[in-house]
Amino acid sequence: MGNARILIFTLACVALHSVGKALPHEPQLGSARVVFQTSYGDIEFGFYPTVAPVTVEHIFKLVRLGGYNTNHFFRVDKGFVAQVADVPNGRSAPMNEEQKKVAYKTIPGEFSDVKHVRGILSMGRHDDPNSGGSSFSMLLGDAPHLDGKYAVFGKVTRGDETLRKLEEVPTRREGIFVMPTERITILSTYYYDTKMESCEEERTVLKRRLEASFLEVERQRMKCFP
């Protein structure tokens with residue numbers, strides 16, 4: 001009986017250890033959020049600055065400069081990826097000099113052990129692992145064959161319903177690419193900081209409490225010192 005209990009306990013520990021290893025480790029998202037306002041709806045995403053700091057800074061700088069405005073998704077492969085075109089070739093509006101300086105820059109491949117699953121943001125590149133530019137993909141499904149070969153730098157935080165709409169757009173195949181038959185435009189972009197939103201809420205609560213305290217003090221003053 002004692003040996004049976006030991007065996008059961010051992011098997012339970014092994015099972016728990018296996019489950020723990022199987023669970024994917026998700027990095028901490030930074031506080032910045034970017035919103036792409038597309039012709040099919042909004043897509044919001046955040047960054048993994050501790051996983052790919054150079055990539056995050058590069059993409060976020062392009063966003064801040066308005067580089068992705070009038071760009072588009074040139075590739076939509078259902079269950080695989082929705083890929084944003086590189087800024088120099090994808091925009092319908094001309095770039096200014098500051099945008100050009102950043103858009104034509106290439107960055108090193110920051111490969112990690114973060115898994116390519118639905119919602120992940122992954123940098124596009126050529127055969128050279130250090131050829132990342134401004135094109136990146138939003139994963140529409142799990143793609144383990146990309147793990148460790150393409151730089152993961154963030155994930156979609158809102159707008160999965162928009163991604164599902166993109167997956168229903170008619171497509172055509174051109175070589176290895178599955179491309180939409182109509183232009184899926186990124187009409188405009190904006191960004192915000194979730195920490196600032198939190199502070200704004202705290203400021204509002206504090207203001208209400210101060211106002212309530214003031215009214216209570218005033219009531220006591222009128223009562224005691226008419």
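Because the structure is predicted, anything quoted here is derived from the model rather than measured. Throughout, residue positions are numbered sequentially from 1 according to the sequence presented.
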*Is Arg172 reaching over with its side chain to a backbone N or O of Pro180, donor-acceptor style, under 3.5 angstrom?*
yes
_Shortest non-hydrogen contact from Asp77 toward Leu140_ = O-CD1, 3.6 Å
*Has His145 got more than 12 heavy atoms of other residues, nucleotides or ligands less than 6.0 Å from its NE2?*
yes
*Measure across Val156 and Leu163 and return the closest heavy-atom pair with its distance rounded to 0.1 Å.*
CG2-CD1, 4.2 Å
_Whether the side chain of Glu44 engages the backbone of Arg33 through a donor-acceptor N/O pair (distance < 3.5 Å, no angle test) should be reported._
no
*Interatomic distance, Glu161 atom CD to Leu166 atom CG [nearest 0.5 angstrom]*: 10.5 Å
*State yes or no: do Phe74 and Leu121 share one hydrophobic cluster built from I, L, V, M, F, W and Y residues joined by side-chain heavy-atom distances below 4.5 Å, directly or via other members?*
no
_Joint hydrophobic cluster, Val117 plus Tyr150, side-chain heavy atoms closer than 4.5 Å_ = yes
*Indicate if Phe47 and Leu29 have the same hydrophobic cluster label, given that clusters are the connected sets of ILVMFWY residues with side-chain heavy-atom separations under 4.5 angstrom.*
no
_Between Asp42 and Arg158, does the side chain to side chain contact (heavy atoms under 4.5 Å, CB included) criterion hold? Intermediate values first, please._
CA-CA 8 Å; Asp42 292 358; Arg158 293 178 184 172; over 6 Å; no
*Side-chain heavy atoms under 4.5 angstrom apart, residues restricted to Ile, Leu, Val, Met, Phe, Trp, Tyr: same cluster for Met95 and Val63?*
yes
*Do the non-hydrogen side-chain atoms of His58 and Leu62 ever get within less than 4.5 Å of each other?*
yes
*asked:* Closer than 3.5 angstrom, by distance alone: can the side chain of Thr162 be matched with the main-chain N or O of Ile43 as a donor-acceptor pair?
replied: no
*Identify the two heavy atoms, one from Val81 and one from Leu139, that lie closest to each other, and give their separation to 0.1 Å.*
CG1-CD1, 3.9 Å
*asked:* Less than 3.5 Å apart, any donor N or O on the side chain of Thr189 or Asn69 sitting next to an acceptor on the other?
replied: yes
*asked:* Can you give me the closest heavy-atom contact between Val114 and Ile120, atom names plus distance?
replied: CG1-CD1, 4.4 Å
*Short question: side chain of Arg125, backbone of Ile107 - any donor-acceptor pair under 3.5 Å?*
no
*With respect to Phe60, which candidate in Phe45, Tyr48, Phe153, Tyr191 satisfies the ring pair (Phe, Tyr, Trp, His ring centres under 6.0 Å) definition?*
Tyr191
*Electrostatic pair Lys100-Glu97, nearest N-O below 4.0 angstrom*: yes
*Any donor-acceptor pair under 3.5 Å linking the side chain of Arg164 with the backbone of Glu167?*
no
*asked:* For the OG1 atom of Thr185 and the CD atom of Gln37, what is their distance to the nearest 0.5 Å?
replied: 13.0 Å
*Side-chain donor-acceptor pair under 3.5 Å between Glu168 and Tyr40, yes or no?*
no
*So, the side chain of Thr70 versus the backbone of Ala93: is there a donor-acceptor pair under 3.5 Å, distance only?*
yes
*Applying the 4.5 Å side-chain criterion to the ILVMFWY set and letting contacts propagate, would Tyr104 and Val87 be lumped into a single cluster?*
yes
*First locate atom CD1 of Ile184, then atom CZ of Arg75, and finally report the distance between them rounded to the nearest 0.5 Å.*
13.0 Å
*Just do the side chain to side chain contact (heavy atoms under 4.5 Å, CB included) check on Thr171 and Lys78 with the steps written out, would you?*
CA-CA 9 Å; Thr171 57; Lys78 187 173 183 178; over 6 Å; no
*asked:* How long is the straight-line distance from NZ of Lys61 back to CD of Gln99, given to the nearest 0.5 Å?
replied: 12.0 Å
*Rounded distance (nearest 0.5 Å) linking atom CD1 of Ile59 with atom CZ of Arg64*: 11.5 Å
*Whether Asn130 side chain and Thr106 backbone form a donor-acceptor pair below 3.5 Å*: no
*Looking only at side chains, do Gln28 and Thr50 share a donor and an acceptor under 3.5 Å apart?*
no
*Contact summary for Val152 and His116, nearest pair of heavy atoms*: CG2-CE1, 3.5 Å
*asked:* Tell me whether Arg118 is salt-bridged to Asp160, with the criterion being a basic N under 4.0 Å from an acidic carboxylate O.
replied: yes
*Could you tell me whether the side chain of Phe73 reaches within less than 4.5 Å of the side chain of Thr38, counting heavy atoms only?*
yes
_Smallest separation among heavy atoms of Gly90 and Arg183, with atom names_ = O-NH2, 2.8 Å
*asked:* What verdict does the side chain to side chain contact (heavy atoms under 4.5 Å, CB included) test give for Gln83 and Met179, after you've listed the backbone C-alpha separation in whole Å, the side-chain angles of each residue and the deciding distance to 0.1 Å?
replied: CA-CA 9 Å; Gln83 188 168 355; Met179 308 170 73; over 6 Å; no
*Nearest 0.5 Å please: distance from the OG1 atom of Thr55 over to the CE atom of Met123.*
5.5 Å
*Verify the ring-centre separation between Tyr68 and Phe136: is it less than 6.0 angstrom?*
yes
